[in-house]
Number of protein chains: 2
Amino acid sequence: MSNTRCDKHKKCISTTIDQVEKICAEKGLRFTKIRKAILEIIWESHQPIKAYDILSRISNINYSEKPPTVYRALDFLMENGFVHKINSLNSYVGCSHPNEHSDCYFIICSICNEVQECCDSTITKTIKKVLNKNTFKHNHIALEVNGQCNDCSDVSKK
Amino acid sequence: MSNTRCDKHKKCISTTIDQVEKICAEKGLRFTKIRKAILEIIWESHQPIKAYDILSRISNINYSEKPPTVYRALDFLMENGFVHKINSLNSYVGCSHPNEHSDCYFIICSICNEVQECCDSTITKTIKKVLNKNTFKHNHIALEVNGQCNDCSDVSKK
DNA sequence: ATCCTCGATGTTATAATATAACATTTATTA
DNA sequence: TAATAAATGTTATATTATAACATCGAGGAT
């Protein structure tokens with residue numbers, strides 16, 4: 001399934017990278033060569049990618065990269081909302097709307113492994129109400145739903 | 001903070017263990033000695049506990065236990081809804097209402113590390129609506145909110 | 001009761017994920 | 001241009017989790 005949803009994937013990558021570049025310029029963040037290379041690798045597919053898969057991809061380009069290189073770039077990219085970690089998969093995905101909001105929700109198809117963002121303000125509102133009842137101040141909301149996407153549940157019916 | 005919320009913690013453990021025992025009997029599940037011991041260790045506090053901390057606790061009792069012992073018990077306990085994994089912490093907590101519903105939501109205080117369940121049906125309903133819109137069939141909903149609990153944000157004000 | 005089977009446990013080894021600590025380089029700014 | 005702060009390089013190791021195969025033991029079939 002990997003890139004089928006994104007007709008013009010190359011464009012979709014470069015648009016996002018440009019956007020990130022712009023945001024970094026505005027905020028005075030250093031979007032260095034390594035950070036950019038790693039963000040590009042993450043965007044090569046719309047699937048979540050694992051840190052060590054990023055590492056082996058980047059080692060093809062520049063031999064002898066080591067884990068801290070990847071984890072540091074991931075830290076930077078996550079801190080600034082350009083990438084999200086899917087905790088249930090120990091994997092990382094690019095954020096398709098950097099800077100719009102801090103909390104992103106994910107639906108993860110356990111058949112094709114496709115991950116889609118499903119950021120929805122009604123979910124956020126409902127959660128915030130419950131947090132208020134609990135007098136809990138939130139920093140971050142992580143929502144990951146595991147199941148089958150439409151395509152895969154259709155296939156499994158046949 | 002650890003057990004302060006639960007006035008009679010010993011009772012609270014034994015009640016839950018009894019409940020699990022009963023559920024297993026009804027369902028023909030084998031609540032073996034090891035599984036019980038590990039569930040008891042998990043319930044020693046209301047905090048999430050890490051697999052290797054369980055391992056070292058159980059090694060005090062019975063030397064020479066090894067990781068698979070713990071992970072197998074955790075698998076059993078999670079499959080049957082007696083324990084939940086907090087993915088963002090790689091940690092495990094006992095479920096305070098085994099068998100009532102499959103999806104449990106957590107609020108995690110980053111100061112005192114206390115984790116509370118905040119299973120709320122309005123959240124579930126709202127999420128399900130969004131999943132329907134996306135024609136996505138869910139198996140499991142994981143919601144983890146990180147922030148500060150009431151007690152800790154009070155303290156930090158002072 | 002005995003054998004059989006299957007699930008549970010024991011055991012060894014290793015895979016997969018992530019970070020600590022310190023050295024060096026590069027960018028920024030005073 | 002020197003000072004300084006941030007980023008990267010490097011080595012080592014910590015943490016989390018599973019594979020693979022051997023053995024044990026409970027409960028059912030005969």
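Per chain, numbering begins at 1; letters A, B, ... match sequence-line order.
- In the set C:dT19, C:dT17, C:dT12, C:dT19 carries the atom at the smallest distance from any side-chain atom of A:P67.
- Of the N and O atoms on the side chains of A:E144 and A:S88, at least one donor lies less than 3.5 Å from an acceptor on the other residue.
- A:L29 has its CG atom 12 Å from the P atom of C:dT28, to the nearest Å.
- The distance from atom CD of A:E65 to atom P of D:dT10 is 8 Å, rounded to the nearest whole Å.
- Between the OH atom of B:Y71 and the C1' atom of C:dT12 there is a distance of 17 Å, rounded to whole Å.
- B:I38 places its CD1 atom 14 Å from the P atom of D:dA17, with the value rounded to the nearest Å.
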Checking B:D103 against B:H140 for the side chain to side chain donor-acceptor pair (under 3.5 Å) test, could you report, in this order, the C-alpha distance in whole Å, the side-chain angles of both residues, the deciding distance, and whether it holds? CA-CA 6 Å; B:D103 296 311; B:H140 181 67; 3.1 Å; yes

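- The backbone N or O of A:R30 lies less than 3.5 Å from a partner atom in the side chain of A:R35, making a donor-acceptor pair.
- If you check every strand for non-hydrogen atoms under 4.0 Å, A:K33 touches nothing.
- Separating the CD1 atom of B:I34 from the P atom of C:dT9 is a distance of 5 Å, rounded to the nearest angstrom.
- For A:R72 against D:dG9, a side-chain-to-base donor-acceptor contact under 3.5 Å is present.
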Dump the intermediate steps for ring pair (Phe, Tyr, Trp, His ring centres under 6.0 Å) on B:F106 and B:H84, then the final yes or no. CA-CA 10 Å; B:F106 299 98; B:H84 300 291; 5.6 Å; yes

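- Put simply, CZ on B:R35 is 14 Å from P on D:dA26, counting in whole angstrom units.
- Regarding A:R30, its CZ atom lies at a distance of 7 Å from the P atom of D:dT8, rounded to whole Å.
- If you check distances only, the side chain of B:Y52 never reaches the base of D:dA14 with a donor-acceptor pair under 3.5 Å.
- The closest side-chain donor-acceptor pair between A:H97 and A:E117 falls under 3.5 angstrom.
- Residue A:S64 places no side-chain N or O under 4.0 Å from the OP1 or OP2 atom of D:dG9.
- Among the nucleotides D:dA19, D:dG9, D:dA17, the one closest to the side chain of B:P68 is D:dA19.
- In this structure, NZ of B:K50 is placed 8 Å from P of D:dA17, rounded to the nearest angstrom.
- Contacts of B:F31 with the nucleic acid, taken as non-hydrogen atoms under 4.0 Å apart, are absent.
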